[in-house]
Protein chains: 4
Amino acid sequence: MSQQDSVEQWIHELAQLDDGKMTEKQFKIIEAAVEVFSEKGYAGSSTSEIAQRAGVAEGTIFRHYKTKKDLLLSIVSPMMSKLIAPFVLNNFKEVLESNYPSFEDFLYAIMMNRLNFVRKHHKIIKIMLQEIPFQPHLQAEFKQQIGTQVFQRLSTIVEHFKSKGEIIERPSQELLRFMASSMIGLLATHFILMPDQPWDEEQEIRDTIRLIMNGMSTK
Amino acid sequence: MSQQDSVEQWIHELAQLDDGKMTEKQFKIIEAAVEVFSEKGYAGSSTSEIAQRAGVAEGTIFRHYKTKKDLLLSIVSPMMSKLIAPFVLNNFKEVLESNYPSFEDFLYAIMMNRLNFVRKHHKIIKIMLQEIPFQPHLQAEFKQQIGTQVFQRLSTIVEHFKSKGEIIERPSQELLRFMASSMIGLLATHFILMPDQPWDEEQEIRDTIRLIMNGMSTK
Amino acid sequence: MSQQDSVEQWIHELAQLDDGKMTEKQFKIIEAAVEVFSEKGYAGSSTSEIAQRAGVAEGTIFRHYKTKKDLLLSIVSPMMSKLIAPFVLNNFKEVLESNYPSFEDFLYAIMMNRLNFVRKHHKIIKIMLQEIPFQPHLQAEFKQQIGTQVFQRLSTIVEHFKSKGEIIERPSQELLRFMASSMIGLLATHFILMPDQPWDEEQEIRDTIRLIMNGMSTK
Amino acid sequence: MSQQDSVEQWIHELAQLDDGKMTEKQFKIIEAAVEVFSEKGYAGSSTSEIAQRAGVAEGTIFRHYKTKKDLLLSIVSPMMSKLIAPFVLNNFKEVLESNYPSFEDFLYAIMMNRLNFVRKHHKIIKIMLQEIPFQPHLQAEFKQQIGTQVFQRLSTIVEHFKSKGEIIERPSQELLRFMASSMIGLLATHFILMPDQPWDEEQEIRDTIRLIMNGMSTK
DNA sequence: GATGAATGAGCCTTCATTCAT
DNA sequence: TATGAATGAAGGCTCATTCAT
């Protein structure tokens with residue numbers, strides 16, 4: 001699936017959040033906004049350029065989004081939930097336990113899953129990372145979603161494996177940070193630092209997970 | 001040493017790059033610019049606010065820095081070299097081998113060192129990270145400094161330990177990324193994500209290095 | 001016809017060059033710009049004063065003209081062609097020969113015609129003369145229009161009368177300069193040097209042409 | 001004599017008006033100001049560029065000239081008198097009658113004289129012509145000097161020749177304008193319109209005067 | 001709903017001028 | 001006398017936003 005296609009898909013998903021009421025124009029606006037924001041940053045972008053690239057009159061943007069910030073949030077905010085969606089499945093723990101024979105298999109599965117997600121939405125994720133420090137609204141959302149929802153669920157998992165003696169006895173926060181850092185580092189390297197350099201995804205992911213597992217394993 | 005003091009120190013170091021010729025006003029301007037840029041981002045900051053916070057007329061800024069971008073670069077650009085300074089010491093390898101009995105000790109030392117550096121300059125580093133994606137000049141510098149200088153030196157080290165059989169046989173790039181991710185993840189967590197939450201530095205650093213060593217060790 | 005009216009007429013002519021699409025506001029802007037530029041010179045005028053006199057927000061100017069210089073050129077540039085229009089009629093020579101029994105009659109006719117033109121557009125012509133030395137674009141246009149188009153056509157005429165023995169044998173360039181100087185001198189005197197002093201147009205023009213004819217005649 | 005030399009000479013003459021008290025710096029300032037004003041026009045020039053070209057601190061200009069306008073006037077104003085100096089000699093009429101057998105000879109002499117003057121000072125004259133329309137002070141001076149002093153003296157001469165029957169009976173104003181236009185037109189052509197094109201000065205001047213004489217002569 | 005002309009606050013930058021050294 | 005750092009008003013221009021059509 002091409003990048004263009006993936007952005008389109010994302011926009012369609014957004015549209016459904018708005019009860020599926022999204023005009024052709026509105027679609028073009030979001031598409032253009034993602035483009036421009038990710039190229040120049042939120043503050044460095046002008047609504048007039050977005051309008052131009054969207055092939056839409058300047059005023060049209062403000063018919064759909066009260067302000068420029070509104071436009072930003074309407075793009076970035078829903079992305080946050082999508083990003084962590086797999087971790088907050090209702091039956092997350094069950095899925096995990098019933099589907100994956102080992103923790104390592106679980107890590108691999110979730111990594112491949114998020115890798116594909118990031119690949120599809122890297123522009124919006126770039127915008128999100130850039131703007132979290134400056135948008136209190138995004139900060140709050142981030143803290144609540146990651147800090148509370150995801151962290152707590154993952155903690156439970158880690159505790160579980162610690163109690164089974166498979167993982168060393170260190171604070172869950174540290175262990176989770178270690179895992180997250182390694183995996184995010186992998187994604188960052190290939191999507192941000194060296195986006196043009198080809199890589200053997202499967203191999204590198206397996207290696208990374210191996211390093212993580214070795215690091216935390218009690219054996 | 002207070003944060004304020006550390007920023008002052010940094011500015012003094014900058015001053016020395018300019019042959020020590022730095023006015024009182026120029027000093028105040030940089031100080032204010034660091035403040036404002038890190039709070040609002042480069043594009044979101046106005047020179048008039050910087051002038052105001054510096055207690056200086058707006059025109060004064062432009063007597064010392066031809067443009068707003070000039071001001072940004074004169075703050076961020078020198079920081080890049082400082083950030084990687086320890087890795088590009090002329091006698092880096094010797095220092096490493098003669099002073100540190102084990103690789104682990106070396107990691108610990110360099111981690112503590114960079115931790116203190118980041119603590120002192122976190123505002124400027126924040127600005128740097130925010131602006132690298134949008135400032136070609138910074139991008140080039142970053143690629144050259146990190147990508148070439150630092151990466152090559154560290155590779156040598158890692159190869160060395162691989163050949164001694166202490167580290168597993170995986171591509172150096174992967175191993176370095178793994179190490180860097182874990183350590184940067186630690187810094188990011190405490191300086192960016194949760195800057196207000198207290199933590200036991202020594203303990204967490206030791207733990208993190210332990211996880212890294214376990215991950216890469218051949219034992 | 002009052003001066004005000006003549007400026008309005010000129011602006012309407014400009015409008016037609018733009019496919020007749022000219023807002024009320026745009027009209028006011030040009031009107032004010034002509035006023036201010038001719039009073040204070042291009043560099044000495046501020047867009048804010050133009051906006052004020054036009055009863056328009058400053059931003060409105062820049063919606064219609066990308067830059068201040070654009071505004072200047074859009075006023076002055078079309079004037080150049082109008083100024084020399086009579087000389088570059090397709091059938092210029094025929095008109096001349098069939099309508100005017102003598103060269104003197106022709107001179108008189110063209111002088112009266114241009115006199116009325118200058119009277120109507122003296123403000124814009126003043127701006128044009130002031131700015132030609134500083135605007136390469138205008139310089140180029142001037143050289144091409146006058147230097148090439150007009151000069152060549154008039155040369156042909158003069159050669160014609162020289163060959164008929166009515167005009168003395170001197171380089172056409174000199175003769176044309178002599179004619180132009182005398183006539184432009186007349187206009188300059190009454191429109192620039194002494195704009196408030198009344199004069200007998202017909203008489204002075206006839207006299208001037210007489211002086212010119214005497215000067216060049218072979219008799 | 002090179003152009004550079006002539007500007008220097010002019011500045012020295014200016015210096016003498018100030019009781020010869022002109023420092024090296026002051027000299028450089030005027031030199032630079034003439035250069036810059038003539039290149040970019042008064043309003044388009046900045047005192048900082050003048051200071052820079054003069055190799056002088058910005059403040060130094062204002063030690064010698066209270067304002068930028070002061071600097072302009074101190075350059076242009078004295079030039080006006082110089083320009084018309086030959087016409088206002090105390091014994092102008094005597095000189096004329098005793099030295100020049102015919103009116104034509106007189107015209108030739110004065111033309112050659114002013115030609116050399118304009119050649120030497122064309123930059124300052126350009127500034128003068130550009131600024132007269134915008135500087136009331138210069139306007140007043142111009143009107144008084146030309147309009148009163150020069151015009152009256154020349155009128156007397158013309159009347160004299162009219163009474164001798166050598167010149168046709170037309171208003172002196174018209175005749176003078178005719179003469180002045182032709183001669184100024186000649187200068188303007190070669191110093192302003194086509195400064196780079198070589199010309200046979202003596203020949204063109206003689207031709208022009210011949211045209212003028214033919215025009216006005218009673219024969 | 002869509003347009004795009006209009007707005008006016010605000011932006012970065014320049015400039016003539018001042019004044020302590 | 002000469003300097004040049006400092007000033008702050010003003011300049012040209014951009015921008016998010018509004019609103020009549």
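A note on names: the letters A, B, ... follow the listed sequences, proteins ahead of strands, and every chain is numbered from 1. The shown structure was predicted, so the numbers you read here are calculated from the model rather than taken from an experiment.
Rounded to whole Å, the distance from CD1 on Ile61(C) to P on dA9(E) is 16 Å. Distance Ile50(D) CD1 to dC15(E) C1': 12 Å, rounded to the nearest Å. Tyr65(D) places its OH atom 11 Å from the P atom of dA2(F), with the value rounded to the nearest Å. Per the geometry, CD1 belonging to Ile29(D) stands 12 Å off P belonging to dT1(F), to the nearest Å. If you measure from atom CD of Gln52(C) to atom C1' of dG11(F), you get 14 Å, rounded to the nearest angstrom. Atom CD in Glu24(B) sits about 11 Å away from atom P in dT7(F), given to the nearest Å. Atom NZ in Lys40(C) sits about 11 Å away from atom P in dG12(F), given to the nearest Å. To the nearest angstrom, P of dC15(E) lies 13 Å from CZ of Phe37(D).
Nucleic acid contact class of Ser46(D) (heavy atoms, under 4.0 Å, all strands): sugar-phosphate only.
Across dA5(E), dA5(F), dA2(E), the shortest atom-to-atom separation from the side chain of Arg63(B) is found for dA5(F). For Phe62(D), the listed nucleotide lying nearest its side chain is dT18(E); candidates were dT18(E), dA2(E), dT3(F). Comparing dT17(E), dA2(E), dT3(F) by their closest approach to the side chain of Thr60(A) singles out dA2(E). Here dC13(F) is the nucleotide among dT3(E), dT3(F), dC13(F) with the atom lying nearest to any side-chain atom of Glu58(C).
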Q: Take Val76(D) and Glu131(D) through the side chain to side chain contact (heavy atoms under 4.5 Å, CB included) test and state the conclusion after the steps.
A: CA-CA 9 Å; Val76(D) 172; Glu131(D) 289 309 316; 5.8 Å; no
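Taking side-chain N and O atoms only, His64(D) has no distance below 4.0 Å to OP1 or OP2 of dT1(F). Between Lys68(D) and the phosphate of dA16(E), there is a side-chain N or O to OP1/OP2 separation shorter than 4.0 Å. Side-chain nitrogen and oxygen atoms of Lys66(A) include none within less than 4.0 Å of the OP1 or OP2 phosphate oxygen of dA16(F). Taking 4.0 angstrom as the limit, Thr47(B) places a side-chain polar atom (N or O) nearer than this to OP1 or OP2 of dC12(E). When the side-chain nitrogen and oxygen atoms of Thr67(A) are compared with OP1 and OP2 of dA16(F), none of them lie within a distance under 4.0 Å. Using a 4.0 Å cut-off, no side-chain N or O of Lys69(A) falls inside it from OP1 or OP2 of dA16(F).
Geometrically, Lys68(A) engages Tyr42(A) in a cation-pi contact defined by less than 6.0 Å to the ring centre and at most 45° from the axis.
One finds the CD1 atom of Ile61(D) at 11.5 Å from the NZ atom of Lys25(D) (value rounded to the nearest 0.5 Å). Going from atom CZ of Phe134(C) over to atom NZ of Lys40(D) covers 11.0 Å, rounded to the nearest 0.5 Å.
Both Ala57(C) and Ser48(B) lie near DNA chain E, and the one whose nearest nucleotide falls closer to the 5' end is Ala57(C).
No side-chain donor-acceptor contact under 3.5 Å links Ser48(B) and Glu58(B).
Across every strand in view, dA20(E) sits in a pair with dT3(F) that passes the Watson-Crick or G-U test at under 3.5 angstrom. Base pairing annotation: dC15(E) forms a Watson-Crick or G-U wobble pair with dG8(F), both donor-acceptor distances under 3.5 Å.
When side chains are defined from C-beta on, Ile29(B) counts as touching Tyr65(B), because their heavy atoms get closer than 4.5 Å.
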